[in-house]
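Input: one structure, supplied below.
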Amino acid sequence: MGAGKTTLGGLLAQRLGRSFVDVDSAIEAHSGVSIADMFREQGEAAFRAVEEKVIGEALLMPEPSVLALGGGALGSDPTRERLRGRAFTVLVEVDAAVAWERASVSDRPLARDEEQFHALYAERLPVYEAAADARARDLDGVLLAAAGIHVGLGALAELGSLVPGTGPVALVADPRVGGIHGAAAQLALGDRLVSTHELPAGEEAKTVAALERLWSELRLDRKGTLVALGGGCTTDAAGFAAATYLRGIAWVPVPTSLVGQVDAGIGGKTALDLAGGKNLVGAFHWPARVVIDPALLETLPHVERAEGRAEVVKTGLLAGEPLWELPEPELVRRCAAVKAAYCIRDPLDRGPRAALNLGHTFAHALEAAGGYAELTHGRAVGLGLHAALRLSVEHAGLDPSVLRTLEEALPLEPARVDRERAWEALHRDKKVESGRVRLVLLEAPGRPVTGVELPDEAVRAALDGLIAG
Ligand SMILES: NC(=O)c1ccc[n+]([C@@H]2O[C@H](COP(=O)([O-])OP(=O)(O)OC[C@H]3O[C@@H](n4cnc5c(N)ncnc54)[C@H](O)[C@@H]3O)[C@@H](O)[C@H]2O)c1
Ligand SMILES: [Zn+2]
């Protein structure tokens, strides 16, 4: 009572594109009387019976939805049982004093006497704790919890308890990240750690040759977990190893780069590159947990950090908020939650998740044209965003001031790659359908449009504008 579940539930449903059932309102609609009247005229037991029925029906709806449960709903055994089978249950944390302040001014039958209210709060808390799959205090917290993402300064030291289960763990990192943070990860994993492995740094990790070495070194059984410590290249490649080794074992990315923490480590897409294009081989393999420790960014080289900001700017443009202006730990948490929402909403990338590719059709073309060595993913995404926003101004009615904001946040520095190679690579993008390039554009900050087809000349001109000479 008074935790803000109704407001939070409504916002959560909006972010996830799901319907929202506020159980108290549904009961009032169903019975035609207010809850206060129902309590007065029929008693609490009658109310609880209707409540149980309404929740039972809501949980049987075929499409996933967001439910806000009344404070006493968990007193019912059948409701607790149904939640275990059909729901991911989040306990919205609130201090008793704040809850009283909010609930006492409402018309809630069980919030009339402060002492009784506190007694009820204390009595209910252990029931909530037992039923909850996770706890959260705000919208981002709920989204992160639902996606299995733990964000916290110092989280690396807790890795041992954050990797789900009790089975054996193998740790993989690239030489640089392993050299800096490997020992701390090993210490945190303790007895569960059975082996450590290396993937080459950068896109070299995302090759069949690197994967073959890793596959043959692994000695995990099917209860094992592969922990991937590193940037997006390490987590993409290790995630693919986990998706395929023994036909799939659990994995936990521990992203250490800015790109990894706000994007690559989240959402279960894993991939390798082929000479002809990026990420052309891969699998969807949702991690058992994602452990994000923003403190690890302190050792990230300046260039990686600066260029990685492109994914932050992308996320901010999609969310319609200048997230790139936030201080780093908060920036990471907010961006991770935006990405998590897209991925929960569309885990297999069949619809709205495509928006996350804003700027990426161009970025992947530039990366492939540069042989994956000429420019980092972050730098390529920064360039791709310029092209996508320019086309958005010309073809999707985007206000030109947004393009200027981008130019301030990420100055455009053209890439030195071969134009023809880039143009060819652009057509090998996964988003090409029947030979037509399909782009993500922005109508306004917070309003992406996907699947946009434009005349070749327009796309070519936008790509050419990103290439030097
Ligand atoms: N799967 C997805 O959803 C997704 C999303 C975005 C990007 N990606 C992929 O991610 C890759 C790019 O990721 P990236 O930019 O993290 O590259 P990366 O993995 O190559 O890391 C960049 C460099 O920074 C170093 N590094 C990383 N963390 C460090 C730390 N804390 N301290 C010191 N050095 C550190 C690495 O050793 C590497 O040299 C691309 O292949 C891209 O396609 C995947
Ligand atoms: Zn990216």
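One-based numbering, in listed order, for ligands and for the atoms of each.
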Does the residue T376 have a heavy-atom contact with ligand 1, meaning some pair of atoms that are separated by less than 4.0 Å?
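The answer is no, since T376 has no heavy atom less than 4.0 Å from ligand 1.
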Measure the distance from atom 32 (N) of ligand 1 to every protein heavy atom, then report the residue, atom name and distance (to 0.1 Å) of the closest one.
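Looking only at protein heavy atoms, the one closest to atom 32 (N) of ligand 1 is T299 OG1, 2.7 Å.
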Quick one: look up the protein heavy atom nearest atom 28 (N) of ligand 1 and list residue, atom name and how far away it is.
T256 OG1, 2.7 Å
For atom 8 (N) of ligand 1, the closest protein heavy atom turns out to be A264 CB, 3.5 Å
Polar proximity ligand 1 side, G230 side, N/O cut 3.5 Å exclusive:
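The answer is no, given that G230 and ligand 1 share no N or O pair closer than 3.5 Å.
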So do T196 and Q186 actually touch side chain to side chain, heavy atoms under 4.5 Å?
yes
How close does the nearest protein non-hydrogen atom get to atom 14 (P) of ligand 1, and which residue and atom is it?
G232 N, 3.5 Å
Can a donor-acceptor pair be found, under 3.5 Å and without considering hydrogens, that links the side chain of D140 to the backbone of A337?
no
Where the closest heavy atom to atom 24 (O) of ligand 1 is concerned, which of E307, R305, E304, E204 has it?
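The nearest heavy atom belongs to E304.
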Can you list the atoms of ligand 1 that are under 4.0 Å from a heavy atom of G202?
20 (O)
Please report which non-hydrogen protein atom sits nearest to atom 38 (C) of ligand 1, along with the residue it belongs to and the distance in Å to one decimal place.
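The protein heavy atom lying closest is D174 OD2, 4.0 Å.
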Could you see which bit of E298 sits under 4.0 Å from ligand 1, with heavy atoms only: side chain, backbone, both or neither?
neither
Contact flag E311/the Zn ion (ligand 2), N/O/S atoms, threshold under 2.8 Å
yes
Among non-hydrogen protein atoms, atom 39 (O) of ligand 1 lies closest to R176 NH1, 3.6 Å
For the pair H285 and W251, name the ring-plane relationship: parallel under 30°, tilted 30 to 60°, perpendicular over 60°.
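Correct class here is parallel.
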Judging by distance only, is a nitrogen or oxygen of C233 under 3.5 angstrom from one on ligand 1?
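There is such a contact, yes.
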Purely on distance, is any nitrogen or oxygen of E311 under 3.5 Å from one on ligand 1?
no
Heavy-atom side-chain proximity of L139 to L12 below 4.5 angstrom:
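Yes, at least one pair of side-chain atoms sits under 4.5 Å.
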Shortest protein contact, atom 29 (C) of ligand 1 (heavy atom only):
L300 CD1, 3.4 Å
Any N or O on L297 sitting closer than 3.5 Å to an N or O of ligand 1?
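The answer is no, given that L297 and ligand 1 share no N or O pair closer than 3.5 Å.
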Heavy-atom check, side chain of L229 versus side chain of L156, under 4.5 Å:
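Yes, side chains in contact.
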Over 12 foreign heavy atoms within 6.0 Å of CD, E453
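More than 12 within 6.0 Å, yes.
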Close side-chain approach of D263 to T315, heavy-atom, < 4.5 Å:
no
Side chain or backbone, does S257 bring an N or O within less than 3.5 Å of an N or O on ligand 1?
yes
At less than 4.0 angstrom from any non-hydrogen atom of K278, what atoms of ligand 1 do you find?
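What qualifies from ligand 1 is 40 (C), 41 (O), 42 (C), 43 (O).
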Is the closest side-chain heavy-atom distance between R289 and V163 below 4.5 Å?
no
Heavy-atom check, side chain of Q261 versus side chain of P294, under 4.5 Å
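A side-chain contact under 4.5 Å exists here.
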Out of T234, V177, V259, the nearest non-hydrogen contact to atom 15 (O) of ligand 1 is supplied by V259
Quick one: does G308 get within less than 4.0 Å of ligand 1, heavy atoms only?
no
Say whether, by atom type as modelled, one donor and one acceptor occur between the side chain of R350 and the main chain of P347 under 3.5 angstrom.
no
Would you check the N or O atoms of D236, main chain and side chain alike, for any that come under 3.5 Å of an N or O of ligand 1?
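For ligand 1, there is an N or O atom that lies under 3.5 Å from one belonging to D236.
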Atom 3 (O) of ligand 1: nearest protein contact (heavy atom, Å)
K339 NZ, 3.1 Å
Using distance alone, determine whether E367 and ligand 1 share an N or O pair under 3.5 Å.
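No; every N/O pair is 3.5 Å or more apart.
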